[in-house]
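Have a look at the structure below before the remarks.
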Amino acid sequence: MTSAVLPPGAASSSASPRRTPVRVLPGFNLTLGFTVFYLCLIVLIPLSALIFKTFTLTGPQFWEAVTGPRVLASYRLTFGASFIAALVNVVFGLLVAWVLVRYSFPGKKIVDALVDLPFALPTAVAGISLTALLAGNGWIGSLLEPHGIQLAFNPNGIVIALIFIGLPFVVRTVQPVLEDAEKELEEAATCLGATRWQTFSRVIFPSIAPALLTGFAMAFARAVGEYGSVIFIAGNMPMVSEITPLIIISKLEQYDYAGATAVATVMLVISFVLLLVINGLQGWQRKRSAGNSQ
C-alpha cells in the first residue's frame with residue numbers, strides 16, 4: 001500500500017491561514033518616531049531653551065534671582081492660592097458633576113454648557129468681569145465691604161479667579177466616570193443596609209478617586225500658570241498680592257531675560273515635581289481600587 005506524496009506546502013495550505021492584523025495608523029516604529037519628534041518640537045525644545053538660557057547665570061546670580069524676598073513671596077502666593085483653588089474645585093466640581101449626571105431638571109443643558117464657559121472666555125475678560133463684581137463699587141463688593149469683607153485687590157480675589165478658571169477641569173474629568181459607574185453596586189449596598197454616606201465612601205468614592213486626583217492636578221497646573229484673569233483682580237502689591245507670572249513679566253520688561261528664565265525654571269521644576277507626586281498617588285489609588293475589587 002503506497003502512501004500519497006503531498007506536494008511541498010500542501011499541509012500548510014490545509015491549515016487556516018493567519019490573518020495579519022490591519023492597522024489604521026502606520027507601524028509602531030514610524031508612529032513612535034513621529035510622536036517623539038512632535039513632542040521634542042512642541043515641548044522639549046522650548047523647555048530646553050528656557051533651561052539653557054538660565055545657564056548664562058552663575059550660581060550666586062541664579063540663587064539671588066530666584067530667592068529674592070519678592071520672588072519668595074510670589075511663590076508662596078501662587079502655589080498656595082493654586083492649591084486652595086484646586087481643593088475647592090475638587091469639592092464643588094464633584095458636586096456639579098454629580099448633579100449633571102444623576103438628576104434631570106429644566107435648563108440642564110444650559111448649566112452643562114456654562115461649565116465650559118471658562119474654557120472659551122478670554123482670561124482677561126474673566127478678570128475684568130470678576131473685578132467689576134467684587135470691587136468696592138461692584139455689585140457684590142459694595143455689599144460686602146461695609147462689613148469688612150474685601151474680595152478684590154488681595155489674595156482673596158486671586159483664589160476666586162483661580163477657582164473660576166479651574167472648575168471645568170474637575171467637572172469634565174469626573175463626569176464621564178460617574179456616567180460609567182455601575183448603579184447596581186449602589187443598589188446592592190443599599191439593600192445590604194448601607195447608609196448613604198457608607199455607599200458613597202465605600203462604593204462610589206473609590207471608583208472616582210483617580211478621576212478626582214486627575215482633575216485636581218489639571219486644575220492646579222492651570223492655576224499655577226494663570227496670568228490674564230488674575231492680573232486685574234490681584235492688585236499686584238509687592239509682598240502681598242503679586243503672583244510669580246507677574247514677576248516674570250516684570251523682569252522681561254526690564255530686559256532681565258536671564259532672571260526671568262531662572263524664575264520660570266524654578267516654577268517649571270516645582271510644578272513638574274508636584275504633578276509627578278499627584279500622578280504617583282493616582283496610580284497607587286488605581287492599583288488599590290483594582291486590588292479591592294478582586
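Given the structure is predicted, the values throughout are model-derived calculations rather than measurements. Hydrogens, waters and symmetry mates are skipped; everything else that's a heavy atom, side chains included, is used.
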Practice item. Take Phe169 and Phe119, measure what ring pair (Phe, Tyr, Trp, His ring centres under 6.0 Å) needs, and give me the verdict at the end. Key: CA-CA 9 Å; Phe169 292 95; Phe119 283 148; 5.1 Å; yes
With a cut-off of 3.5 Å and sequence neighbours excluded, list every side-chain donor-acceptor pair involving residues 149-161.
unit_1 : atom_1 : unit_2 : atom_2 : d
Gln150 : NE2    : Ala152 : O      : 3.2
Asn154 : OD1    : Asn156 : N      : 3.0
Asn154 : OD1    : Gly157 : N      : 3.3
Asn154 : ND2    : Gln150 : O      : 2.9
Asn156 : ND2    : Gln150 : O      : 3.1

Review point. Does the ring centre of Phe216 sit less than 6.0 Å away from the ring centre of Phe83?
Key: yes
Exercise for review: Say whether Thr54 and Thr265, considering side chains only, have a donor N or O and an acceptor N or O under 3.5 Å apart.
Suggested key: yes
**Study point:** Criterion side chain to side chain donor-acceptor pair (under 3.5 Å) on Ser229 and Thr123, from CA distance to verdict
**Key:** CA-CA 5 Å; Ser229 62; Thr123 55; 5.7 Å; no
Review point. Is there a path from Leu117 to Val115 through hydrophobic residues (I, L, V, M, F, W, Y) whose side chains come within less than 4.5 Å of each other?
Key: no
Practice item. Report yes if some heavy atom in the side chain of Pro69 is under 4.5 Å from a heavy atom in the side chain of Met239; otherwise report no. Key: yes
Point to revise | Summary of salt bridge (charged side-chain N to carboxylate O under 4.0 Å, His left out) pairs that have at least one residue in residues 110-123, sequence neighbours excluded | key: Asp112-Arg172, Asp116-Arg172
Practice item. Give the C-alpha distance, both sets of side-chain angles, the deciding distance and a yes or no for side chain to side chain contact (heavy atoms under 4.5 Å, CB included) between Val266 and Tyr75. Key: CA-CA 10 Å; Val266 172; Tyr75 291 154; 3.6 Å; yes
Review point. Considering only heavy atoms from C-beta outward, does the side chain of Gln175 approach that of Val96 to under 4.5 Å?
Key: no
Exercise for review: Keeping the roles fixed (side chain from Thr56, backbone from Phe52), state whether a donor-acceptor pair exists under 3.5 Å.
Suggested key: no
Review point. Is a side-chain N or O of Asn89 found less than 3.5 angstrom from the main chain of Ala85, in a donor-acceptor match?
Key: yes
**Study point:** Asn236 backbone acceptor or donor facing Ser241 side chain under 3.5 Å
**Key:** yes
Review point. Thr173 side chain to Thr214 main-chain N or O, any donor-acceptor pair under 3.5 Å?
Key: no
**Study point:** Residue pair Phe105 / Val99, side-chain heavy-atom distance below 4.5 Å
**Key:** yes
Check your understanding: Taking side chain as C-beta onward, heavy atoms only, is Ile247 less than 4.5 Å from Ser74?
Key -> yes
Exercise for review: Kindly indicate whether the side chain of Phe62, heavy atoms from C-beta on, has any atom under 4.5 Å from the side chain of Val66.
Suggested key: yes
**Study point:** Same apolar cluster: Leu77 and Val240, side chain cutoff 4.5 Å
**Key:** no
Practice item. If a pair satisfies salt bridge (charged side-chain N to carboxylate O under 4.0 Å, His left out) and one of its residues is in residues 229-247, list it, with sequence neighbours excluded. Key: Arg70-Glu242
Exercise for review: Would you check if Val91 and Leu95 make a side-chain contact, meaning some heavy-atom pair closer than 4.5 Å?
Suggested key: no
Review point. Would Phe220 and Met218 show up in the same hydrophobic cluster when neighbours are defined by side-chain heavy atoms closer than 4.5 Å?
Key: no
Check your understanding: Is there side-chain contact between Val177 and Pro210, with heavy atoms separated by less than 4.5 Å?
Key -> no
Practice item. Let me see the working for Leu121 and Phe164 under side chain to side chain contact (heavy atoms under 4.5 Å, CB included), right down to the final yes or no. Key: CA-CA 11 Å; Leu121 192 67; Phe164 175 81; 4.0 Å; yes
**Study point:** Short side-chain to backbone donor-acceptor contact, Lys53 and Tyr257, under 3.5 Å
**Key:** no
**Study point:** Trace of the side chain to side chain contact (heavy atoms under 4.5 Å, CB included) decision for Ile163 with Ile84
**Key:** CA-CA 9 Å; Ile163 291 173; Ile84 294 173; over 6 Å; no
Review point. Do you know which two heavy atoms are closest between Val263 and Ala65, and how far apart they sit?
Key: CG2-O, 3.8 Å
Point to revise | Shared hydrophobic cluster for Phe205 and Val101 (ILVMFWY, side-chain gaps under 4.5 Å) | key: yes
Point to revise | Side-chain donor or acceptor of Gln254 paired with backbone N/O of Lys251 under 3.5 Å | key: no
Review point. Where the side chain of Ser82 meets the backbone of Phe79, is there a donor-acceptor pair that is under 3.5 Å apart?
Key: no
Check your understanding: Would you say Trp98 and Leu87 are hydrophobically clustered, going by side-chain heavy atoms of ILVMFWY under 4.5 Å?
Key -> yes
Revision key, fill the gap. Between Leu162 and Ala223, the two heavy atoms sitting closest are CD2-O, 3.6 Å
Check your understanding: Would you say Ser207's side chain and Ile204's backbone share a donor-acceptor pair under 3.5 angstrom?
Key -> yes
Review point. Do you know which two heavy atoms are closest between Gly259 and Asp256, and how far apart they sit?
Key: N-OD1, 3.0 Å
